[in-house]
Protein chains: 2
Amino acid sequence: MALFLSTFINKVDRKGRVSVPAPFRAAVRGQSFKGIVAFRSYREATIEACAMDRMERLSQSVDALDQFSDEQDELASTIFADAHQLPIDGDGRIVLPALLAAHAGITTAAAFVGRGETFQIWNPEAFERHQAEARARAGRRNATFRLAPRDGDK
Amino acid sequence: MALFLSTFINKVDRKGRVSVPAPFRAAVRGQSFKGIVAFRSYREATIEACAMDRMERLSQSVDALDQFSDEQDELASTIFADAHQLPIDGDGRIVLPALLAAHAGITTAAAFVGRGETFQIWNPEAFERHQAEARARAGRRNATFRLAPRDGDK
DNA sequence: TGGGATCATCTGGGATATCATGGGATATAA
DNA sequence: TTATATCCCATGATATCCCAGATGATCCCA
């Protein structure tokens, strides 16, 4: 499994194009769809993104819910309806849909922020503020977290 | 597996024709029937739609329920009896049957809303309201849900 | 260790193809 | 025929592809 790590800031040109950081591109190579899937975060002013295989697993999870249930409807409306398939062009770039860029307040530059299996795309200044706050909170409550067991462990 | 993702708004001309978004067309290419299957949603004022292979699988699921049960009878009559096969013409368009368009309140424009393995066709304004409500609910209860396990995991 | 060459990545602009959409012509059915 | 539905073509807008320059990193060799 490929992971999205670190933070990269790239420019957005007047056509709305932006280079996907090379390490992120490597993470989506070998997928059925050679691009990324992006949608508006419903919690913050940022774009959530992942590789296609994650969306496919998401689709299976949604299908496991009762067909036509409220919960299923909500997830479908907030995630699939809002998701954009963004193909990566020959030069390693994507075009940010205007709706997504507006939601994240992105105009001339975009910060690609790795989060493991997913990543976010922020307005660089907004991300810096968000990052500072998150670090402060974590420090205050001395945050720790558990590792998932290794494959094969019980 | 190809998924229906994102939302596209296209115009309906005076003949009742509307372009199927190109990414959705790609998702039904390579199917036995090169078109879409559409039927009235029984929960909301929208049209439910999918590719033919999903109808075939749905048929198998229904067969697995008790024969002659109320549930089977309901599904069969509300979905299969109401389903329309809509062929895609040479220019990538379908004609919306008047009955379906009326049910969804569609007149001059239609919103194609991806939901993973299926999609919906809405009156654009009605969908915007529906979408806003779903996002609000999701944000309020901080919706998260489990991903299906990855292939090979236990 | 330092300098230089090579390579990959990021960026911008122009040419090209695709898509959505309207109108008209042709086929089909009552 | 009359009405309805399907096919075919034209157009404008948009998105995609292709090429070239700039920047920075890595590698190699002295």
Side-chain angles (χ1 to χ4, degrees), chain A residues 2 4-30 33-38 47 49 52 83-102 106-114 119 121-124 127, chain B residues 2 4-30 33-36 38 49 84-102 106-114 119 121-124 127:
Chain A
F4 299 105
L5 297 177
S6 188
T7 297
F8 303 85
I9 298 178
N10 287 336
K11 289 187 184 174
V12 179
D13 69 16
R14 82 180 68 166
K15 294 181 183 177
R17 293 181 302 186
V18 59
S19 285
V20 176
F24 286 21
R25 292 205 296 269
V28 301
R29 240 192 301 269
F33 168 65
K34 278 135 190 69
I36 67 170
V37 179
I47 301 168
M52 182 54 93
H84 293 69
Q85 282 190 62
L86 308 181
I88 296 179
D89 70 17
D91 300 328
R93 289 180 283 197
I94 55 172
V95 284
L96 281 184
L99 187 71
L100 298 187
I106 293 170
T107 54
T108 61
F112 289 76
V113 181
F119 62 96
I121 308 176
W122 287 79
N123 170 306
F127 173 65
Chain B
F4 298 105
L5 294 179
S6 191
T7 298
F8 302 86
I9 297 177
N10 287 336
K11 291 186 183 173
V12 179
D13 68 16
R14 79 182 69 166
K15 297 179 184 177
R17 294 179 303 185
V18 59
S19 285
V20 176
F24 286 22
R25 293 204 295 269
V28 301
R29 238 193 302 270
F33 170 63
K34 278 137 189 64
I36 67 170
H84 294 69
Q85 286 190 55
L86 307 180
I88 296 178
D89 71 17
D91 299 330
R93 289 181 282 199
I94 55 172
V95 255
L96 281 184
L99 185 69
L100 298 186
I106 292 170
T107 54
T108 61
F112 288 77
V113 181
F119 62 97
I121 308 175
W122 286 78
N123 170 304
F127 172 66

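So that the names make sense, note that chain A is the first sequence line, chain B the second, and so on, each numbered from 1.
Here the CZ-CD1 distance, from A/R25 to A/I88, works out to 7.0 Å after rounding to the nearest 0.5 Å. Going from atom OG1 of B/T7 over to atom CH2 of B/W122 covers 11.0 Å, rounded to the nearest 0.5 Å.
When rounded to the nearest whole Å, the span between NZ of A/K11 and P of C/dT9 equals 19 Å.
Across every non-hydrogen atom of B/N123 and B/I106, the tightest pair is N-CG1, 3.7 Å.
For A/K11, the NZ atom sits in a loose shell: 12 or fewer heavy atoms of surrounding residues, nucleotides or ligands are nearer than 6.0 Å.
Taking A/A109 as the reference, A/I9, A/P124 meet the side chain to side chain contact (heavy atoms under 4.5 Å, CB included) condition, with sequence neighbours excluded. Applying the side chain to side chain contact (heavy atoms under 4.5 Å, CB included) criterion to A/F33, with sequence neighbours excluded, gives A/M52, A/Q85, A/P87. Evaluation of the salt bridge (charged side-chain N to carboxylate O under 4.0 Å, His left out) rule for A/R17 yields A/D13 as partners, not counting sequence neighbours. With sequence neighbours left out, A/F24 forms a ring pair (Phe, Tyr, Trp, His ring centres under 6.0 Å) with A/F4, A/F8, A/F119.
Contacts of residues 12-26 of chain A with DNA chain C (heavy atom under 4.0 Å): A/D13, A/R14, A/K15, A/R17, A/S19, A/V20, A/P21, A/A22, A/R25. Taking a 4.0 Å limit (strictly below) on heavy-atom distances, residues 87-97 of chain B reaches DNA chain D at B/D91, B/R93, B/V95.
Counting only residues at least two apart or in different chains, side chain to side chain donor-acceptor pair (under 3.5 Å) contacts with residues 86-102 of chain B comprise B/D91-B/R93.
The nucleotide range of DNA chain D contacted by chain A, defined by atoms under 4.0 angstrom from heavy atoms of the protein and reported 5' to 3', is D/dT16 to D/dC19.
At least one donor-acceptor pair under 3.5 Å links the side chain of A/N10 to the backbone N or O of A/S19.
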